Participant: 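My structure is below; once you've seen it, I'll send some questions.
What you see below is based on every heavy atom in this structure, not just the backbone, and it leaves out hydrogens, waters and symmetry mates. Quick caveat: nothing in here was measured; it's all calculated off a predicted structure. In this chain, numbering begins with 1 at the start of the sequence shown.
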Amino acid sequence: MRVGVVGTGALGRHHVRILAELPTAQLVGICDHRSEVAGELAQAHGTQAYSDLDALAAGCEAMVIAVPTESHCELGCRMLQAGLHVMVEKPIASSLEEADRLLATAEQAERVLAVGHVEFYNPAVQTLLSLGLEARYVEVQRLGIFTRRSLDVDVLLDLMIHDLQILHALDPSPVAEVRATGINVLSPRVDIANARIAFESGCVANLTASRVSSDKVRKLRLFGRNSYCSLDYHDQEIKGYRLEVAEGQEPRIVEASPAVTPYEPLKAELEAFLAACRGEEVRYADGAAGRQALETALQLVAAIG
């Protein structure tokens, strides 16, 4: 699959690195308005730097778009209309209207539209999804140390949106109610937020996201019917427990921790995208999933006010 990358910032550089190594991909080239940066990166990975995106697109079958969110819709629609499969980084777009434009353009062009919700491809998350547990209560903590990256958006659209997309994958029922609080600490935007989401299924989720914490914490706890799982995104592991009831014996809690094989989530994300482009049946974060996560995130932003 002939692939290009537009945008070579903090995340785009890793897309370039992985695509240059994947046997199922041919990295045609990269495009960035910073010609020197693009040139050095292209040389390091044995590919070509382009100053003209359309010239790069002419030799590609798929494009990874890792530019600021406000350009996702314009560049994504442009590449889809040119006949390319597209993966845009998260969030899918700046607004639901832009997200809808991307989805409509992908449908009309009959091309794959994927969204870079990389945590969805964490092997621990994929293992948890494969268990098929009925979530009754979910608690998520995503705490990070302050950096100057992504300060143009609230922490809900920067960090919490990862967990919102996974939450919707765990419980596909509609959202019934959202509540949220948040404050700015070191930037003009919301830096720490807590959200409570109730689903029509009866499941309730409590999520906390912060980019002003002293330590990194990335954990999800799921309480199901007679079961409990604690997922560590960083360590890529799940500790599970279930209630065992045997006839004639007292109920007891036993460990039921599924095995997780460590893997680089971004590599898994790109492999899934390319497989979808080839028409293979594969689980990936598509445009609809990206839109759903954005919609819930914007509802939470509005709830903070």
Participant: Between Q126 and F120, is there a donor-acceptor pair closer than 3.5 Å when you use the side chain of the first and the backbone of the second?
Facilitator: yes
Participant: For residues L270 and M87, determine if any side-chain heavy atom of one lies less than 4.5 Å from a side-chain heavy atom of the other.
Facilitator: yes
Participant: State, to 0.1 Å, how close L294 and A93 come at their nearest heavy-atom pair, and which atoms those are.
Facilitator: CD2-O, 3.6 Å
Participant: Taking side-chain contact (heavy atoms from CB on, under 4.5 Å) as the criterion, tell me which of L157, V140, I197 meets it with L164.
Facilitator: I197
Participant: Minimum heavy-atom separation for G240 and S257, please, with both atom names.
Facilitator: N-OG, 3.0 Å
Participant: Honestly curious: do L143 and L159 fall in one hydrophobic cluster under the side-chain, below-4.5 Å linking rule?
Facilitator: no
Participant: If every non-hydrogen atom of C77 is compared with every non-hydrogen atom of T105, which pair is closest and at what distance?
Facilitator: SG-OG1, 3.5 Å
Participant: Would you find more than 12 non-hydrogen atoms of other residues, nucleotides or ligands less than 6.0 Å from R278 atom CZ?
Facilitator: yes
Participant: Can a donor-acceptor pair be found, under 3.5 Å and without considering hydrogens, that links the side chain of D191 to the backbone of V155?
Facilitator: no
Participant: Give the cluster check for I192 versus L186: same hydrophobic cluster or not, with ILVMFWY residues linked at side-chain heavy-atom distances below 4.5 Å.
Facilitator: yes
Participant: Mind listing the closest non-hydrogen atom pair of C60 and G4 along with its distance?
Facilitator: SG-N, 3.5 Å
Participant: Roughly how far, to the nearest 0.5 Å, is CG of L27 from CG of L22?
Facilitator: 10.0 Å
Participant: Please determine whether side-chain contact (heavy atoms from CB on, under 4.5 Å) holds for the pair L167 and V138, giving the CA-CA distance in whole Å, both sets of side-chain angles, and the decisive distance to 0.1 Å.
Facilitator: CA-CA 8 Å; L167 189 59; V138 179; 4.0 Å; yes
Participant: Set out, in order, the CA-CA distance, both residues' side-chain angles and the distance that settles side-chain contact (heavy atoms from CB on, under 4.5 Å) for V64 and L19, then state yes or no.
Facilitator: CA-CA 10 Å; V64 174; L19 288 169; 4.2 Å; yes
Participant: Quick one, V175 with Q299, criterion side-chain contact (heavy atoms from CB on, under 4.5 Å). Give me CA distance, side-chain angles, the key distance, then yes/no.
Facilitator: CA-CA 10 Å; V175 171; Q299 288 177 339; 4.2 Å; yes
Participant: So, do L156 and L207 sit near enough that their side-chain heavy atoms are less than 4.5 Å apart?
Facilitator: no
Participant: Is it true that, when you exclude L243 itself, more than 12 heavy atoms of the residues, nucleotides or ligands shown sit nearer than 6.0 Å to its CG?
Facilitator: yes
Participant: For the backbone of A114 and the side chain of D286, can you confirm whether one donor and one acceptor N or O come within less than 3.5 Å of each other?
Facilitator: no
Participant: Check whether any side-chain heavy atom of V125 lies under 4.5 Å from a side-chain heavy atom of Y233, and answer yes or no.
Facilitator: yes
Participant: I want to check something: taking the side chain as every heavy atom from C-beta on, are D232 and R218 in contact at a cut-off of under 4.5 Å?
Facilitator: no
Participant: May I ask you to say whether E264 pairs ionically with R17, meaning some side-chain N is under 4.0 Å from a carboxylate O?
Facilitator: yes
Participant: Which distance, rounded to the nearest 0.5 Å, do you find between the CZ of R252 and the CD of E244?
Facilitator: 4.5 Å
Participant: Is there a side-chain contact between L231 and L222 in this structure, where contact means two heavy atoms from C-beta onward sitting under 4.5 Å apart?
Facilitator: no
Participant: Which heavy atom in K90 sits nearest to a heavy atom in G116, and how many Å separate them?
Facilitator: CG-O, 3.5 Å
Participant: What's the spacing between L113 CG and E107 CD if we round to 0.5 Å?
Facilitator: 11.5 Å
Participant: Applying ring-ring contact (aromatic ring centres under 6.0 Å, His included), which residue pairs with at least one partner in residues 196-219 are found, sequence neighbours left out?
Facilitator: H168-F199
Participant: Taking A20's backbone N and O only, do any of them form a donor-acceptor pair with H45's side chain (distance below 3.5 Å, no angle check)?
Facilitator: no
Participant: Look at R142 together with E119 and state whether they make a salt bridge at an N to O cut-off of under 4.0 Å.
Facilitator: yes
Participant: Decide whether D215 and S213 meet the rule of one side-chain donor and one side-chain acceptor closer than 3.5 Å.
Facilitator: no
Participant: Kindly work out whether a path of hydrophobic side-chain contacts (I/L/V/M/F/W/Y, heavy atoms less than 4.5 Å apart) joins V282 to V3.
Facilitator: yes
Participant: Is the shortest side-chain N to carboxylate O distance from K267 to E269 below 4.0 Å?
Facilitator: no
Participant: I'd like to know if the side chain of S71 and the backbone of V67 have a donor-acceptor N/O pair within less than 3.5 Å.
Facilitator: no
Participant: Test your reading of the model: is there a side-chain donor-acceptor pair from R34 to the backbone of T8, 3.5 Å cut-off?
Facilitator: yes
Participant: Is any side-chain heavy atom of E70 closer than 4.5 Å to one of E98?
Facilitator: no
Participant: Indicate yes or no for a side-chain donor-acceptor contact from D235 to the backbone of E237 under 3.5 Å, with no hydrogens or angles considered.
Facilitator: no
Participant: Is a donor on one side and an acceptor on the other found under 3.5 Å between the side chain of S227 and the backbone of F223?
Facilitator: no
Participant: Between atom CD of Q236 and atom NE2 of H234, what is the distance when rounded to the nearest 0.5 Å?
Facilitator: 9.0 Å
Participant: Atom CD1 of I92 and atom CG of D100: how far apart are they, to the nearest 0.5 Å?
Facilitator: 8.5 Å
Participant: A quick test of your reading: do over 12 heavy atoms of other residues, nucleotides or ligands sit less than 6.0 Å from CD of E200?
Facilitator: yes
Participant: Does E295 come within less than 4.0 Å of R291, counting only side-chain N to carboxylate O?
Facilitator: yes
Participant: Counting only N and O atoms by type, is there a donor-acceptor contact under 3.5 Å from the side chain of H72 to the main-chain atoms of P91?
Facilitator: yes
Participant: If we count only N and O atoms by modelled type, under 3.5 Å, do the side chains of Y263 and E271 hold a donor and an acceptor together?
Facilitator: yes
Participant: For the residue pair L131 and C229, what are the closest heavy atoms and their distance?
Facilitator: CD1-SG, 4.3 Å
Participant: Can you confirm whether the side chains of D171 and S201 place a donor and an acceptor under 3.5 Å from each other?
Facilitator: yes
Participant: Can you establish whether the number of heavy atoms outside E36 located under 6.0 Å from its atom CD is more than 12?
Facilitator: no
Participant: Are the side chain of R2 and the backbone N or O of G59 linked by a donor-acceptor pair below 3.5 Å?
Facilitator: yes
Participant: Using the ring of each side chain (for Trp, its six-membered ring), is H117 parallel, tilted or perpendicular to H162, with breaks at 30° and 60°?
Facilitator: perpendicular
Participant: Below 4.0 angstrom, N of the basic side chain to O of the carboxylate: do E134 and R136 qualify?
Facilitator: no
Participant: Is the shortest side-chain N to carboxylate O distance from R196 to E177 below 4.0 Å?
Facilitator: yes
Participant: About how many Å separate CG of D32 and CZ of R13, when rounded to the nearest 0.5 Å?
Facilitator: 9.5 Å
Participant: State plainly whether one hydrophobic cluster holds both M1 and Y121, where clusters connect Ile, Leu, Val, Met, Phe, Trp and Tyr through side-chain heavy atoms under 4.5 angstrom apart.
Facilitator: yes
Participant: Do M63 and L53 touch side chain to side chain, with heavy atoms closer than 4.5 Å?
Facilitator: yes
Participant: Between D158 and R189 (salt bridge meaning N to carboxylate O under 4.0 Å), is one present in this structure?
Facilitator: no
Participant: Does a side chain donor of either Y241 or N226 reach within less than 3.5 Å of an acceptor in the other side chain?
Facilitator: no
Participant: Might you work through the salt bridge (Lys or Arg N to Asp or Glu O under 4.0 Å) test for R78 and D54, ending with a clear yes or no?
Facilitator: CA-CA 9 Å; R78 185 167 144 196; D54 293 324; 3.2 Å; yes
Participant: Can you check side-chain contact (heavy atoms from CB on, under 4.5 Å) on L133 and L128, steps first, answer last?
Facilitator: CA-CA 8 Å; L133 300 177; L128 181 62; 4.2 Å; yes
Participant: Under 4.5 Å between side-chain heavy atoms, hopping through other hydrophobics if needed: is there a path connecting V178 to Y137?
Facilitator: no
Participant: Evaluate the side-chain proximity of Y228 to R221: yes if any heavy-atom separation is below 4.5 Å, no if none is.
Facilitator: yes
